[in-house]
Amino acid sequence: MEKDYLTIIKLGGSTVTLKNKPLSANLPVIMELGKIIKQITTPLIIVHGGGSFGHHFASKWGLSTSPQNANPKAIVETRKSMFDLHLLILESFSKSNVFPYTLPPCSILDGDQLSPFTIKFLNVLMKNNLIPITFGDVIVDQSGAYIISGDKLMEIISSSLPVKKAIFTMDVDGIYENTSSGKSLADTVNTETVLYGLNSNVNDVTGSISGKLNSSFKIAKNGIDVHFVNGAYPDRILKVLKGRSYLGSMIKGDDQ
């Protein structure tokens with residue numbers, strides 16, 4: 001695997017689901033994403049969020065990113081909802097002849113990093129024209145049960161593999177900042193950008209935009225360019241990969 005080619009894409013929960021309608025997948029957008037992903041010919045790893053599936057049950061049961069003693073039913077219900085969404089994504093992608101290979105987080109992680117076996121296995125999958133895909137989930141270990149977000153998985157993957165670009169899809173055009181003239185889309189984001197509307201989504205148990213940016217700055221410190229695009233316009237993903245101008249925001253790798 002060459003550093004110049006590996007891309008990781010996070011399909012945000014707000015992209016693949018209708019976040020204000022519990023247990024509702026955004027199937028038209030998922031189908032369009034599949035068509036775009038089919039056109040990507042370089043190595044790719046996909047992560048997807050929980051949106052109105054996983055976050056709905058995590059919020060219901062009070063699960064969070066901090067380990068806790070949890071009701072077994074809470075763990076099972078939340079995980080089942082993520083697998084339900086995951087299967088819908090797999091079914092949609094298959095209609096576009098996209099071939100993802102499911103890897104639940106518990107099967108690939110060794111603490112806060114990818115296991116050595118996982119790194120080797122990911123290479124094997126991509127050499128066989130399969131797209132590794134994982135998702136936010138409930139992890140259970142000696143400290144208790146906790147949510148591992150798709151954003152955190154992006155951070156972990158980028159620190160373990162030679163990733164060149166990381167792309168986050170959202171339900172808006174990118175990251176917004178406060179300027180003298182009001183709310184404005186930020187072409188480039190850095191730690192001094194005055195951001196607009198952090199933590200505006202109270203139903204997101206993993207930190208919403210602030211959590212995403214926290215992970216993104218860590219990814220960028222590994223020398224990886226991080227891009228934010230509106231998932232309702234999947235062609236913007238291709239524009240990022242082709243180095244063309246696109247509507248969205250970016251954190252430049254090594255720019256921190």
Is it true that atom [atom1] of [X] has more than 12 heavy atoms of other residues, nucleotides or ligands lying nearer than 6.0 Å?
X      : atom1 : answer
Asp112 : CG    : no
Lys60  : NZ    : yes
Tyr146 : OH    : yes

Check: [X] side chain, [Y] main-chain N or O, donor-acceptor pair, under 3.5 Å:
X      : Y      : value
Thr17  : Ser52  : yes
Ser92  : Ile89  : no
Ser158 : Glu155 : yes
Thr118 : Ile108 : yes
Ser215 : Lys212 : no
Ser160 : Gln113 : no
Asn222 : Ile224 : no
Asn128 : Leu130 : no
Ser24  : Lys21  : yes
Ser94  : Glu91  : yes

Do the non-hydrogen side-chain atoms of [X] and [Y] ever get within less than 4.5 Å of each other?
X      : Y      : answer
Leu114 : Leu161 : yes
Thr188 : Ser249 : no
Met126 : Ile131 : no
Ser96  : Lys35  : yes
Phe168 : Met154 : yes
Leu33  : Thr15  : yes
Val226 : Met250 : no
Val189 : Phe217 : yes

*Taking it one step at a time, do Lys218 and Asn214 satisfy side chain to side chain contact (heavy atoms under 4.5 Å, CB included)?*
CA-CA 7 Å; Lys218 291 178 181 178; Asn214 182 54; 3.8 Å; yes

*Classify the ring geometry between Phe135 and Phe83 as parallel (under 30°), tilted (30 to 60°) or perpendicular (over 60°).*
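Taking Phe83 first and then Phe135, their aromatic rings stand perpendicular (interplane angle over 60°).
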
Can you tell me how far apart [atom1] ([X]) and [atom2] ([Y]) are? Round to the nearest 0.5 Å.
X      : Y      : atom1 : atom2 : result
Thr7   : Ile45  : OG1   : CD1   : 9.5 Å
Ser14  : Asn20  : OG    : CG    : 10.5 Å
Leu247 : Leu185 : CG    : CG    : 5.5 Å
Ile40  : Lys242 : CD1   : NZ    : 10.0 Å
Ile175 : Asp187 : CD1   : CG    : 12.0 Å
Ile133 : Ile46  : CD1   : CD1   : 5.0 Å

*Under the salt bridge (charged side-chain N to carboxylate O under 4.0 Å, His left out) criterion, do Lys252 and Asp225 qualify, and how do the steps go?*
CA-CA 5 Å; Lys252 182 69 177 174; Asp225 292 340; 3.6 Å; yes

*Would you call Lys10 and Asp151 a salt bridge, using N to O less than 4.0 angstrom?*
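Salt bridge flag = yes for Asp151 with Lys10.
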
If you compare all heavy atoms of [X] against all heavy atoms of [Y], which two are closest, and at what distance to 0.1 Å?
X      : Y      : result
Leu85  : Gly49  : CD2-O, 3.4 Å
Gly136 : Met82  : O-CE, 3.2 Å
Lys221 : Asp254 : O-OD1, 3.6 Å

*Among Ile148, Leu103, Asp137, whose side chain to side chain contact (heavy atoms under 4.5 Å, CB included) with Leu109 holds?*
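Per the side chain to side chain contact (heavy atoms under 4.5 Å, CB included) rule, the option paired with Leu109 is Ile148, out of Ile148, Leu103, Asp137.
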
*Apply the side chain to side chain contact (heavy atoms under 4.5 Å, CB included) test between Phe57 and each candidate in Val76, Leu23, Leu63; give the one that qualifies.*
Leu23

*Pick out which of Asn230, Thr169, Asp173 makes a side chain to side chain donor-acceptor pair (under 3.5 Å) with Arg236.*
Asp173

*May I have the step-by-step check of side chain to side chain contact (heavy atoms under 4.5 Å, CB included) for Phe121 and Ser115, ending in yes or no?*
CA-CA 10 Å; Phe121 189 52; Ser115 70; over 6 Å; no

*Apply side chain to side chain contact (heavy atoms under 4.5 Å, CB included) to Tyr246 and Leu241, showing your working.*
CA-CA 10 Å; Tyr246 69 95; Leu241 295 179; over 6 Å; no

*asked:* Before you tell me yes or no, could you show the steps for Ile251 and His227 under side chain to side chain contact (heavy atoms under 4.5 Å, CB included), namely the whole-Å CA-CA distance, both residues' side-chain angles and the distance that decides it to 0.1 Å?
replied: CA-CA 7 Å; Ile251 299 176; His227 304 264; over 6 Å; no

_Could you walk me through whether Thr102 and His86 satisfy the side-chain hydrogen bond (donor to acceptor under 3.5 Å, both in side chains) test, starting with their C-alpha distance in whole Å, then the side-chain angles of each, then the deciding distance to 0.1 Å, before giving a yes or no?_
CA-CA 9 Å; Thr102 300; His86 186 68; 2.7 Å; yes

